[in-house]
Every structure is written in structure tokens, then in C-alpha cells.
Amino acid sequence: MAVLNVHAQSDRQFIRNGNRLYRQQNYAKAEIEYRKALGKNPSNPQALYNLGCALLMQQKDSAAVKQFQNAAQCEKAKRRKAMVWHNIGVVCQKHQLFSDAIKAYEESLRNNPSDNETRYNLALCMRQQKNQKNQNKQNKQNKNNKNNKNNKDKQKQNKNDKDKNNKDKNQQQ
């Protein structure tokens, strides 16, 4: 009888089970429940989003982003769609993919303009991107300066070697 009950469960029941496990911080088992829900209904945006969150908590970031992107395609409700894009932005920002994160946060704000946390993350991400560009520019300048110094040192060494060779030739004569 219990086996029949499992087969009769709806995608919503699997989501509820997954949510219970997620709240208990048992993310791996929650992931399994969300996948079962998707087995029943592959286009359930809540199951896709929750699966993305469970994967995110397990540091499976690329798999989480994939599930969030699937959820974004299926989701109709603007607030939930904003949450999906917000999470994509968080993952991209974590991996210093600032331009992707900015796009995700902007998409989130298009769906929920009153989300102050997303607005804050967007501003922070823009600042981080600017700092990264400045850092890259500084590193490039430092590398060029180092190369110039190395070239000057090589030229000086070559001149010293040439002078030494000439001195040695003069002594031999």
C-alpha cells in the first residue's frame, strides 16, 4: 500500500516534502524530492526554482543556474521571476562574472522594481566591476612597466657584455 501511495503523490507533495527537508538543511534529500516533482511535472517553476536553491546550498552553482534559467522560462508570476533572476545574479557575482550578474539583477528589477536587496546588489556589483576593470588596467600597466624595465636591463647587460668582450680583445692583442 505504501508503494502505491508514493506513485500517487503529486508534484506538489514532492515539493512540500522537499521544502520540509530544505528547512532542516538536508539539501541533498530536498534535491531528490524536487527532482521527483519535476519527474511528475517537468515545467513546474516552483520545483525548478527550489531545486536551484537546493543545488546552490550544496555549492553546485552551475547546475543551480541552469535550474534557475529553466524556472525563469516557465515562471509567469513577476515576483517569483524576480527571485529567480536575483539568485542568478548572486551566483554570477560570487564568481566575479559582473556583467552577467548586472544583467540578471536588472532583469530581476524589471520584474520587481521595489526589491531593495536586488537594487543594493546591483550597485555593489557595478562598483565591483569598475574596481575589477581598474585593477586589470593597473596590472597591465605594472606588467608593461616591468617589461620595459626588463628590456632596459637586458640592453644594459648586452652593452656591458659588449664592453667586456672589447676589453678582453684589447687585452689579448
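Fair warning: this is a prediction, and the values are worked out from it, not measured in the lab.
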pair [X]-[Y]: side-chain heavy atoms closer than 4.5 Å:
| X | Y | answer |
| --- | --- | --- |
| Ile88 | Glu107 | no |
| Asn41 | Ser43 | yes |
| Glu33 | Arg20 | no |
| Tyr49 | Gln46 | yes |
| Ser99 | Gln129 | yes |
| Val65 | Gln69 | yes |

Mind checking the [atom1]-[atom2] spacing from [X] to [Y]? Nearest 0.5 Å is all I need.
| X | Y | atom1 | atom2 | value |
| --- | --- | --- | --- | --- |
| Arg12 | Ile15 | CZ | CD1 | 7.5 Å |
| Asn50 | Leu56 | CG | CG | 12.0 Å |
| Met126 | Asn121 | CE | CG | 12.5 Å |
| Glu106 | Asn111 | CD | CG | 12.5 Å |
| Leu55 | Asn87 | CG | CG | 12.0 Å |
| Gln24 | Asn19 | CD | CG | 11.0 Å |

Which atom of [X] lies closest to which atom of [Y], heavy atoms considered:
| X | Y | answer |
| --- | --- | --- |
| Ala82 | Ser108 | O-OG, 2.8 Å |
| Gly89 | Ala101 | O-CB, 3.5 Å |
| Leu48 | Cys74 | CD1-SG, 3.8 Å |
| Ala37 | Ala47 | CB-CB, 4.0 Å |
| Leu38 | Asn44 | CD2-O, 4.0 Å |

Quiz item: Are Val91 and Val84 in one and the same hydrophobic cluster, where Ile, Leu, Val, Met, Phe, Trp and Tyr link if side-chain heavy atoms are under 4.5 Å apart?
Solution: yes
Quiz item: Would Met57 and Leu21 show up in the same hydrophobic cluster when neighbours are defined by side-chain heavy atoms closer than 4.5 Å?
Solution: no
Practice problem: Please test Thr118 against Asn116 for side-chain hydrogen bond (donor to acceptor under 3.5 Å, both in side chains), starting from the C-alpha separation and ending with a verdict. | Solution: CA-CA 5 Å; Thr118 300; Asn116 289 328; over 6 Å; no
Quiz item: Taking atom types as modelled and ignoring hydrogens, do the side chains of Gln67 and Tyr34 form a donor-acceptor contact shorter than 3.5 angstrom?
Solution: no
Quiz item: Is it true that the side chains of Asn17 and Gln13 contain a donor and an acceptor less than 3.5 Å apart?
Solution: yes
Quiz item: Applying salt bridge (Lys or Arg N to Asp or Glu O under 4.0 Å), which residue pairs with at least one partner in residues 77-94 are found, sequence neighbours left out?
Solution: Asp61-Lys94, Glu75-Arg80
Quiz item: Quick check: does any side chain N or O of Arg119 sit under 3.5 Å from a backbone N or O of Tyr105, one acting as donor and the other as acceptor?
Solution: no
Quiz item: How about Arg110: does its CZ atom have over 12 heavy atoms from other parts shown lying under 6.0 Å from it?
Solution: yes
Exercise. In sequence, state the C-alpha distance, the side-chain angles, and the governing distance for Asn136 and Gln132, and then conclude on side-chain hydrogen bond (donor to acceptor under 3.5 Å, both in side chains).
Key: CA-CA 6 Å; Asn136 289 344; Gln132 185 183 53; 5.0 Å; no
Self-check item: Parallel, tilted or perpendicular: rings of Tyr22 and Tyr27 (30°, 60°)
Solution: perpendicular
